[in-house]
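First listed ligand is number 1; within each ligand, the first listed atom is number 1.
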Amino acid sequence: MKSLLIQGGHIIDPSQGIDEIGSLLITEDKISWLGKGKTTPPQPDYDTLQAQGLIVCPGFIDLHCHLRQPGFEEKETIATGTRAAARGGFTTICCMPNTNPPLDNQATVGYVKSTAVTEGMVRVLPIGCISKGRKGQELAEMGELASAGVIACSDDSEPAMNSYLMRQALDYSRTFGLPIIDHCEDKVLTEGGQMNDGIISTRLGLRGIPAAAEEIIVARDLALAELTGGRLHIAHASTEGSVDLIRRAKEKGIRVTAEVTPHHLTLTEEKVIGYDTNAKVNPPLRTKRDIQALIQGLKEGVIDIIATDHAPHTEADKRCEFDVAAFGISGFETALGSLMSLVHDGQLTLATLIARLTYEPSKIIGNKYGKLGTLGIGVSADVTIFDPDLDWIVDTRAFASKGKNTPLAGSVLKGKVMATISQGKLVYKDDLLSLSKEKV
Ligand SMILES: [Zn+2]
Ligand SMILES: [Zn+2]
């Protein structure tokens with residue numbers, strides 16, 4: 001296989017503290033050389049991707065997505081989901097176990113892993129269940145799941161409402177070195193809830209989901225993490241109160257990490273006015289005040305990472321009354337464009353944004369699958385190249401994902417992925433980017 005030179009881009013790699021113009025050489029499936037400024041590699045024979053004016057960084061890592069296979073292939077498959085991920089700049093994605101059958105045993109985890117190898121475009125790392133059948137009653141065989149290669153356990157879309165079960169899971173998380181990811185929602189409080197609880201929900205006549213429903217379970221989980229010394233990861237934090245609770249827990253030394261989604265960082269509950277079911281998501285879109293707290297948390301590192309919670313649905317799941325529409329946003333292909341608005345507004349630096357999408361999630365996953373989230377020499381060549389300033393219109397017909405469900409359809413985003421390289425393979429390239437094949 002010929003080498004590929006990514007030439008003259010602005011290389012940002014928070015894992016090595018690199019933030020300057022340079023070039024990167026990929027040989028076979030590894031990063032083989034990195035040169036600063038205008039230096040060229042010692043070896044002469046390579047194809048070239050011209051990256052002048054573009055950002056070159058480690059491939060994005062998504063700790064939270066839904067690929068729907070097995071069981072819900074009408075919504076998404078591993079093939080379509082990983083293609084969408086590649087278009088979004090993601091080279092490693094961790095899929096939630098709420099499939100049918102759920103990923104609560106070695107066989108189904110093995111099925112997802114082998115399907116990802118044969119049909120996938122990017123690396124897929126499965127997450128196993130906390131409870132058998134995601135029923136919230138009996139602990140899944142975490143030892144079996146750990147040896148099957150899951151990188152965490154979660155009953156996502158369901159919280160582990162049974163506190164004793166959550167305590168057990170956190171106890172075992174120490175034994176098996178697996179974080180427990182919780183979808184924090186007090187189901188009793190959210191029964192029938194459709195959107196954020198407040199003036200807008202009252203005006204629209206939709207039942208509200210209060211911030212407290214999330215914060216009660218975040219607080220409980222933090223108490224249990226303290227009690228057990230287990231590793232807790234809070235999925236999709238969406239409220240100011242959650243950020244405060246996590247901040248205080250970290251100050252106390254509790255082993256907790258947390259994520260926030262692009263939509264909770266950029267969209268408010270006002271998106272629901274007009275009953276757009278594509279803005280129906282769980283946890284719901286909140287207020288400006290919550291967004292400010294989440295951004296502040298992300299800056300400080302109280303919130304460790306950004307994860308998409310890519311949740312594709314069919315048109316039928318969304319083209320219906322608001323009350324019966326499914327929760328979720330198809331997020332891979334708009335993630336970078338949405339998040340860049342925070343950089344353009346001066347709320348987040350590019351280096352912080354990239355760290356929260358690359359190096360920080362790699363620390364949560366660990367080295368089970370080799371070094372991730374870095375452009376270090378000798379590591380798997382997972383690279384994302386993007387134009388920070390390019391305006392583009394979100395056209396869901398062009399999505400690789402089967403899920404066209406996004407409240408951003410038709411809007412203009414500034415910042416676009418131009419190429420994605422996963423394990424040395426060019427898995428996505430925008431037509432605007434030229435690949436020169438001639439000898440240099
Ligand atoms: Zn969830
Ligand atoms: Zn989810």
State plainly whether the residues [X] and [Y] are in salt-bridge range, i.e. N to O under 4.0 Å.
| X | Y | result |
| --- | --- | --- |
| Asp317 | Lys75 | yes |
| Asp304 | Lys250 | yes |
| Glu214 | Arg286 | yes |

Legend entry - Listed protein N/O/S atoms, distance to the Zn ion (ligand 2) under 2.8 Å: His64 NE2, His66 NE2, Asp156 OD2, Asp309 OD1
Inset, instruction - Could you point out which residue of Thr349, Leu353, Ile354 forms a side chain to side chain contact (heavy atoms under 4.5 Å, CB included) with Val343? - result: Leu353
Inset, instruction - Kindly state whether the ring of His236 and the ring of His183 have centres lying under 6.0 angstrom apart. - result: yes
Legend entry - Set of residues satisfying side chain to side chain contact (heavy atoms under 4.5 Å, CB included) with respect to Thr202, sequence neighbours excluded: none
